[in-house]
2 protein chains.
Amino acid sequence: MNVNVDLGRVMKHQELWLENQICHRLYMASNSVNRAYRPLLDALGLTYPQYVVMMSLWQTDGVMVNELQSTTQIDNGALTLILKKIADKGLISLIPVADDRRKKRVSLTADGKGLQEKAASIPNAIRCRFPSLNDEDSTALKLLLDKLLGDLQGQSDE
Amino acid sequence: MNVNVDLGRVMKHQELWLENQICHRLYMASNSVNRAYRPLLDALGLTYPQYVVMMSLWQTDGVMVNELQSTTQIDNGALTLILKKIADKGLISLIPVADDRRKKRVSLTADGKGLQEKAASIPNAIRCRFPSLNDEDSTALKLLLDKLLGDLQGQSDE
DNA sequence: TAAATTTACTTTGCATGCAAACTAAACTAG
DNA sequence: CTAGTTTAGTTTGCATGCAAAGTAAATTTA
């Protein structure tokens with residue numbers, strides 16, 4: 001008695017069923033998480049990608065755009081606009097490097113540094129939205145996502 | 001000897017570090033997966049969300065738009081455009097329901113049904129991109145993502 | 001050292017994702 | 001039966017994500 005024929009469906013192409021796919025779950029999870037962040041980030045005047053950039057800078061300030069790109073994995077084209085926007089908000093300054101005038105250094109302003117205190121409560125607020133995931137689950141999930149990311153990163157380079 | 005101070009960073013706000021976050025991994029994973037699908041889906045003339053809609057219809061044809069929305073989790077506004085586009089490609093027909101003229105039934109055309117054969121190889125091609133994830137890992141990852149999705153779904157309704 | 005190439009972004013065109021406003025049809029209360 | 005409400009989709013404005021073309025500066029070649 002296979003559950004897959006309960007509704008009289010043909011047993012063909014089960015790999016194409018949404019319930020069987022990791023990728024569709026990732027798609028839904030990423031969007032759901034983004035929606036969960038929105039109300040919290042609205043209070044800071046940031047979008048999620050902008051928040052990711054700020055987090056990266058709070059951790060390591062004064063980096064080149066391409067370093068920020070590889071850390072955050074945000075698309076280059078999008079990153080240009082995102083940096084322009086958070087620069088307009090006065091959170092960062094974009095300074096061309098004297099050595100190599102193609103490069104730009106991204107540095108936090110005082111306001112940008114100060115925003116970290118306001119953001120400090122967000123990670124915990126988000127974690128509380130996943131009551132079903134205990135610490136062990138979280139660790140396991142990170143590990144599995146790292147495996148997946150490792151696979152996908154390596155391949156494009158070869 | 002804590003690895004977190006290896007580079008002399010202050011031990012403050014570690015929750016804000018990207019490496020410690022599930023959400024940033026989900027963001028990167030979802031985008032990476034989307035990029036992995038692109039060359040495969042280009043051959044079918046579909047984008048990933050369009051492919052998700054087609055998969056849902058291959059599994060259950062002739063549903064209302066709102067059923068398709070809850071199955072695929074694609075945004076309503078986006079879904080309207082996506083349905084218009086795959087209808088323009090001749091893969092589906094959108095027929096207003098006689099009972100309730102607000103509703104529309106989404107039905108596969110012969111071409112739409114035929115496309116399933118061409119798509120049949122995609123799930124396996126994608127799975128091959130994750131050599132590090134064995135079957136056990138895949139099952140575990142699905143389970144963890146389902147937990148996370150369950151948490152996020154329930155909350156917005158309350 | 002002049003041409004070819006590479007590097008570090010920027011810009012452009014298209015396709016979502018999302019919240020919010022909007023429309024039309026069906027439903028409920030009085 | 002009519003006003004108010006809910007439901008099913010659509011439209012709109014803004015912010016990415018992505019591939020591809022474009023730019024300017026640095027590097028390598030010949």
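We name chains A, B, ... by the order of the sequence lines, and we start the count at 1 in each one. What you see is a predicted model; the values in this text were computed from it and never measured. Values below: all heavy atoms of this structure, side chains included; hydrogens, waters and symmetry mates excluded.
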Least distance between heavy atoms, B:Leu83 atom then B:Leu68 atom: CD2-CD2, 3.8 Å
Whichever of A:Leu94 and B:Ile82 has its nearest DNA chain C nucleotide further upstream toward 5': A:Leu94
Contacts of B:Ala36 that satisfy side chain to side chain contact (heavy atoms under 4.5 Å, CB included) - sequence neighbours left out: A:Leu152, B:Ile126, B:Arg129
A:Tyr37 versus B:Gln21, closest heavy-atom pair with distance: OH-NE2, 3.6 Å
Within one Ile-Leu-Val-Met-Phe-Trp-Tyr cluster: A:Leu94 and A:Ile74, side-chain cutoff 4.5 Å: yes
For chain B, the stretch of DNA chain C it reaches, first to last nucleotide, under 4.0 Å of its heavy atoms: C:dA15 to C:dA26
Residues touching DNA chain C, which here means a heavy atom under 4.0 Å, drawn from residues 24-37 of chain A: A:Tyr27, A:Asn31, A:Arg35
Non-neighbouring partners of A:Lys147 that pass salt bridge (charged side-chain N to carboxylate O under 4.0 Å, His left out), sequence neighbours left out: B:Asp137
Those residues of residues 71-79 of chain A lying under 4.0 Å from DNA chain D by at least one heavy atom: A:Ile74, A:Asp75
Apart from A:Leu81 itself, residues in the same hydrophobic cluster as defined by side-chain heavy atoms under 4.5 Å: none
Stretch residues 42-58 of chain B: residues that reach within less than 4.0 Å of DNA chain D through a heavy atom: none
DNA chain D-proximal residues of residues 99-109 of chain B, any heavy atom under 4.0 Å: B:Arg102, B:Lys103, B:Lys104
Nearest heavy atoms of B:Thr72 and A:Met28, plus distance in Å: O-CG, 4.2 Å
Name every donor-acceptor pair, under 3.5 Å, that has one atom in a side chain of residues 41-53 of chain B and the other anywhere in the protein, sequence neighbours excluded.
| from | atom 1 | to | atom 2 | distance (Å) |
| --- | --- | --- | --- | --- |
| B:Thr47 | OG1 | B:Gln50 | N | 3.3 |
| B:Tyr48 | OH | A:His24 | N | 3.3 |
| B:Gln50 | OE1 | B:Thr47 | N | 3.2 |
| B:Gln50 | OE1 | B:Lys89 | NZ | 3.0 |

A:Ser121 versus A:Lys118, closest heavy-atom pair with distance: OG-O, 4.0 Å
Enclosure of A:Glu117 CD (heavy-atom neighbours >12, cutoff 6.0 Å): yes
Side chain to side chain contact (heavy atoms under 4.5 Å, CB included) partners of B:Ser30, counting only residues at least two apart: A:Ser30
Residues in salt bridge (charged side-chain N to carboxylate O under 4.0 Å, His left out) contact with B:Lys85, at least two apart in sequence or another chain: none
Shortest non-hydrogen separation from B:Gly90 to B:Thr109 and the atoms involved: O-OG1, 2.6 Å
Listed partners of B:Arg35 passing side chain to side chain contact (heavy atoms under 4.5 Å, CB included), at least two apart: B:Asn31, B:Ser32
Cluster overlap B:Leu149 with A:Val33, hydrophobic side-chain contacts below 4.5 Å: yes
